[in-house]
Structure formats: structure tokens, C-alpha cells
Undergrad: 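I have a structure I would like to understand better, so I am pasting it below and will then ask my questions one at a time.
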Amino acid sequence: MTDRELVVLVARRDPNEKEERFQSSLEELQSLTETANGDVCKILTQKRDRVHPATYVGEGKLEEIRLAAEETEADLVIFNDELSPGQLRNISNAVGLRVIDRSQLILDIFASRARTKEGKLQVELAQLQYLLPRLAGQGTELSRLGGGIGTRGPGETKLESDRRHIRRRIDDIKGRLETVVKQREQYRKRRKENRAFQIAIVGYTNAGKSTFFNRVTQSDSFEENLLFATLDPLTRQVGLPSGFQALLSDTVGFIQDLPTTLIAAFRSTLEEVTEADFIIHMVDASHPDHNQQERTVLKLLSDLNADHLPMITVYNKKDLLETDFIPDAHPSVTVSVHDPIDRTRILKKVEKVLQDEWHEYDVFLPASNGKTIQQFKQYTMITSMTFLEDREGYALHGFIHPDHPLRHEIL
């Protein structure tokens, strides 16, 4: 671990904004800073109607930031809002320190979290798109991103060659990502052809998605009590209590005020959600602002046109609750994903919701027809299976997806 940087946080509160929403956003900024290996040494807030076009906050507050940074020997100032290129430059000059905003902080965390080639490319794309309009006055920032700048042509300014280099790199990354997206579409197509049933776990960052995913799939995706521990979507097979086989995908955590460049960059990752047949929405029930977090996720699902899919809401971390919990959403289940009994309850709840949506069936299959029996076990939800000796076969009762090709076996 590198030495932790000392950080001063700055946030403006709009007088129309609810106190809880403001506090929750500020606490989130603090968690993000800690996740990025920073130590918050001072928090400064200002209630202000509108943003100062040149310096975001007023002159008096700027001086206060400068003094606070001097007193605490801070290395960095982070603003809880997206700053314009001009504001970044002016504030940095006024306080004599490196200044970044919430978006840059999130991008930085994403950069340190990306594990796969695709994840790394997506983060770099978002960083470059964010950096491009902010190039002026950021001479030192490029070297930090490891941009190997091409040689300058005669009479060209450094800035122009930087810009051209970045644009070229952006085009290059977009091209590579298109290839990845095509591969992903191929996988999805194959899964659809195989009639694989897809369940996507979504939720606010740090709600417990990866913990649940790892326990029910015996997988080892990255799991830590940090924001954005998972960036790269993983898909594994999971058996539901009836024996029905499904594919479970763990997705990137959502967060309020996510930088637009990031949402665009992670489009293909988030598309795992839109391709799903079912959604498990994981909520940290112990979080003081879980209602707002829930709304953020539902809004993003609606933006992705995935809000029509069947869904259960899992209120997680019940072991940390101090009062009685009343769920907002239905159908829902309140659990601790560390408890194996609770994990089974979640999977049973998924089956219950599917049974309400699917068609109930009764079918008799001769024992000699092993392949079809196996298909019924894998692709439908069998609730009872009885061997009838006189007829040498099995009487099956269960539920099947209305469009599944196996329906033609059911007379």
C-alpha cells in the first residue's frame, strides 16, 4: 500500500436540497476518498444558492480552503461535484494544491479496480473523455495517466499534440471495445440459443452482491467492504432449490451522481442487466439512506429499459439492523447473505415469483426417455416427480417458461 494522501473535502449545499441527501452524499464522498487510499483531514461545506462560475465557491470560502489545507498539510482537495475546466484551474491556483472533483475520484477508483482487459479499456476511455476538455492548465496530469505523448511536429504546441494523441487513443479504445461488445453479443446469443435462463444481481455499490454471488456459485469474484469492488461482470451457473439451472451475473455497483462518461463507458457491462430474464435487486438495509440508494438503482434500470423485468428486492445485512425493518418493495426478502439458510430463502423466492409468471404443467415421460427427463430437470422447475411402476415412467409436475421449446412435449 502506498502512503495515504491527506485530503480536504469541499461540498456545496443547495438550500433546496434535503439535509439527509446532502449528508449522505458527503459521507459517500468520504467513503470514496478512503477507498482511493486517502485520509480525510478536514471537511468544509458552504450553503450557496448557485455555483460561482469561475471558482465554484466564493472568495471567502476559497481562502478558508487554502488555510485549512495549509494547517492540515493536505496533499489534495476534492470537491463533491463536477467542476468545469476553468474552475479546476482557478481553484488550484488559489489554494496552491492539486484539486480534483467527485467524477475524477470515481474514475481513479475504477482505474485501480479494473481487472479484465475490457474493464481497463472502459476506464481509460472514460478518463480520457473526461480529461480532453480539461487539458489546458493540466500539464502535469497527463504524465500521471501514463500518456506516452508522441513527438511534436514543427511549431506545434505541446497542448495540441496532447489533444491529438488523446483523440487518437480514444478512437483506438472505442474500436477495441466494439470488438469486445461483439464477442459479448456472441456469448449472449449462444446463451439464448441454449435457452439459458439469466439472472442479474444489481444494486448500489457495497450492498453485498459479490458476497451473495460467491456463496451461491462457489466462485471467487473480488469481495471487499469497499465501494466498487466489482467492475467486471462475472457469470456463473447456479442451481435453484428445485434443480432448475440458471446463469447468475454479478454486475458493477451503482452510485448516485455517477459521471456520465462512466455510464457511457460501462454500457456493455450494464447491458448484461438488459439481457437478463430476471433481476435480483440487492439493497443494504442497514444503510441510513437505503431508500435513496434503492431509487438510484431503479432509475438506472429504467434508463437501461430494464425496469419491466421480473424482479425481487433483497434487503441485505439484517444482522446490522437495530430496529424493525419495513420493506418498501414487493416481492422482497430481508436477509443476511452470510447465512446459508437466508441464501436458500432468496433462491426460493426467485422460484416463487417465476412460478407466478410461468405455466404450470403435468407431464408423463417414459423412463427410457432419459434425455428429455434431463432437459425437464434443467430447464423447468419440477415441484414433484413420481415414478409410476405400472407405466414404467415418471409423472412430473412443475412450471415452465411460456416460450420454452420443451412445451411441445407437454400435451
Side-chain angles (χ1 to χ4, degrees), residues 116 118-119 122 180-205 207-217 219 221 230-242 244-254 258 263 266-283 294 296-316 329-333 337 343 346-358 378-381 399-405:
T116 64
E118 181 192 6
Q122 286 179 325
V180 176
V181 169
K182 285 196 183 96
Q183 285 169 347
R184 206 184 267 287
E185 277 166 7
Q186 285 297 313
Y187 289 140
R188 285 202 201 112
K189 221 169 124 192
R190 213 168 305 145
R191 293 199 298 236
K192 283 274 177 273
E193 280 162 9
N194 296 339
R195 298 299 311 184
F197 188 81
Q198 291 237 208
I199 301 172
I201 317 172
V202 304
Y204 209 75
T205 179
K209 297 182 298 298
S210 296
T211 308
F212 173 67
F213 178 84
N214 291 344
R215 299 295 186 279
V216 296
T217 61
S219 180
S221 98
T230 307
L231 272 192
D232 307 300
L234 276 173
T235 301
R236 296 271 183 279
Q237 195 156 28
V238 62
L240 297 188
S242 66
F244 174 67
Q245 295 295 309
L247 289 175
L248 191 63
S249 296
D250 186 12
T251 60
V252 59
F254 295 173
L258 198 61
I263 295 179
F266 278 84
R267 200 89 204 163
S268 71
T269 312
L270 295 169
E271 271 166 11
E272 283 292 312
V273 178
T274 60
E275 291 289 327
D277 299 291
F278 194 94
I279 287 178
I280 293 175
H281 176 188
M282 188 82 64
V283 178
E294 215 173 312
T296 299
V297 173
L298 293 173
K299 183 179 179 318
L300 271 164
L301 285 177
S302 153
D303 293 348
L304 289 164
N305 296 324
D307 49 350
H308 62 283
L309 296 167
M311 175 168 90
I312 65 162
T313 305
V314 174
Y315 291 101
N316 185 26
H330 299 280
S332 74
V333 54
V337 295
R343 292 199 294 273
I346 296 171
L347 298 176
K348 279 188 170 155
K349 192 76 174 178
V350 172
E351 289 198 326
K352 174 77 185 73
V353 173
L354 289 179
Q355 285 172 10
D356 293 342
E357 300 232 341
W358 287 9
Q378 197 171 349
Y379 296 120
T380 80
M381 238 178 289
F399 297 83
I400 187 166
H401 190 288
D403 303 330
H404 200 283

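Nothing fancy with the numbering, it's 1 onward along the sequence.
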Undergrad: So does His401 get a backbone contact from the side chain of Tyr379, meaning a donor-acceptor N/O pair under 3.5 Å?
TA: no

Undergrad: Would you compute the distance between atom CG of Leu247 and atom CZ of Arg236 and round it to the nearest 0.5 angstrom?
TA: 10.5 Å

Undergrad: Can you check whether Phe278 reaches Gln198 side chain to side chain, under 4.5 Å on heavy atoms?
TA: no

Undergrad: Spell out, as yes or no, whether a donor-acceptor pair under 3.5 Å connects the side chain of Asn316 to the backbone of Ala207.
TA: yes

Undergrad: Between Val314, Val216, Ile201, which is the residue that forms a side chain to side chain contact (heavy atoms under 4.5 Å, CB included) with Ile346?
TA: Val314

Undergrad: Report yes if some heavy atom in the side chain of Thr274 is under 4.5 Å from a heavy atom in the side chain of Asn305; otherwise report no.
TA: no

Undergrad: Where do Asp277 and Ala196 come nearest, in terms of heavy atoms and distance?
TA: OD2-O, 3.8 Å

Undergrad: Answer yes or no: is there a side-chain heavy-atom contact under 4.5 Å between Lys299 and Asp307?
TA: no

Undergrad: When rounded to the nearest 0.5 angstrom, what is the spacing between NZ in Lys348 and CG in Leu240?
TA: 11.5 Å

Undergrad: Would Val297 and His281 count as a side chain to side chain contact (heavy atoms under 4.5 Å, CB included) if you check the C-alpha gap in whole Å, the side-chain angles of each, and the deciding distance to 0.1 Å?
TA: CA-CA 8 Å; Val297 173; His281 176 188; 3.6 Å; yes

Undergrad: Using 0.5 Å steps for rounding, measure from the CZ atom of Phe399 to the CD atom of Gln355.
TA: 4.0 Å

Undergrad: To the nearest 0.5 Å, what is the distance between NZ (Lys352) and CE (Met381)?
TA: 10.5 Å

Undergrad: Which atom names give the shortest non-hydrogen contact between Lys349 and Ser332, and what distance separates them?
TA: CE-O, 3.4 Å

Undergrad: For the residue pair Glu357 and Pro402, what are the closest heavy atoms and their distance?
TA: O-CG, 4.2 Å

Undergrad: Below 4.5 Å, heavy atoms only, C-beta onward: do Ile280 and Ile199 meet side chain to side chain?
TA: yes

Undergrad: Could you label the plane-to-plane angle of the Trp358 and Phe244 rings as parallel, tilted or perpendicular, counting under 30° as parallel and over 60° as perpendicular?
TA: perpendicular

Undergrad: Are Gln378 and Phe197 side-chain neighbours, meaning at least one heavy-atom pair lies under 4.5 Å?
TA: no

Undergrad: Return the CG to OG1 distance between Leu301 and Thr296, rounded to the nearest 0.5 Å.
TA: 11.0 Å

Undergrad: Which pair of non-hydrogen atoms, one from Leu248 and one from Phe213, has the smallest distance, and what is that distance?
TA: O-CE1, 3.2 Å

Undergrad: Can you confirm whether the side chains of Ser242 and Glu351 place a donor and an acceptor under 3.5 Å from each other?
TA: yes

Undergrad: Are Thr217 and Gln237 side-chain neighbours, meaning at least one heavy-atom pair lies under 4.5 Å?
TA: no

Undergrad: Is the closest side-chain heavy-atom distance between Arg343 and Leu347 below 4.5 Å?
TA: no

Undergrad: Looking at side-chain heavy atoms only, is the closest gap between Val337 and Met282 below 4.5 Å?
TA: yes

Undergrad: Given 3.5 Å as the limit, does a donor-acceptor pair link the side chain of Lys209 with the main chain of Val283, or not?
TA: no

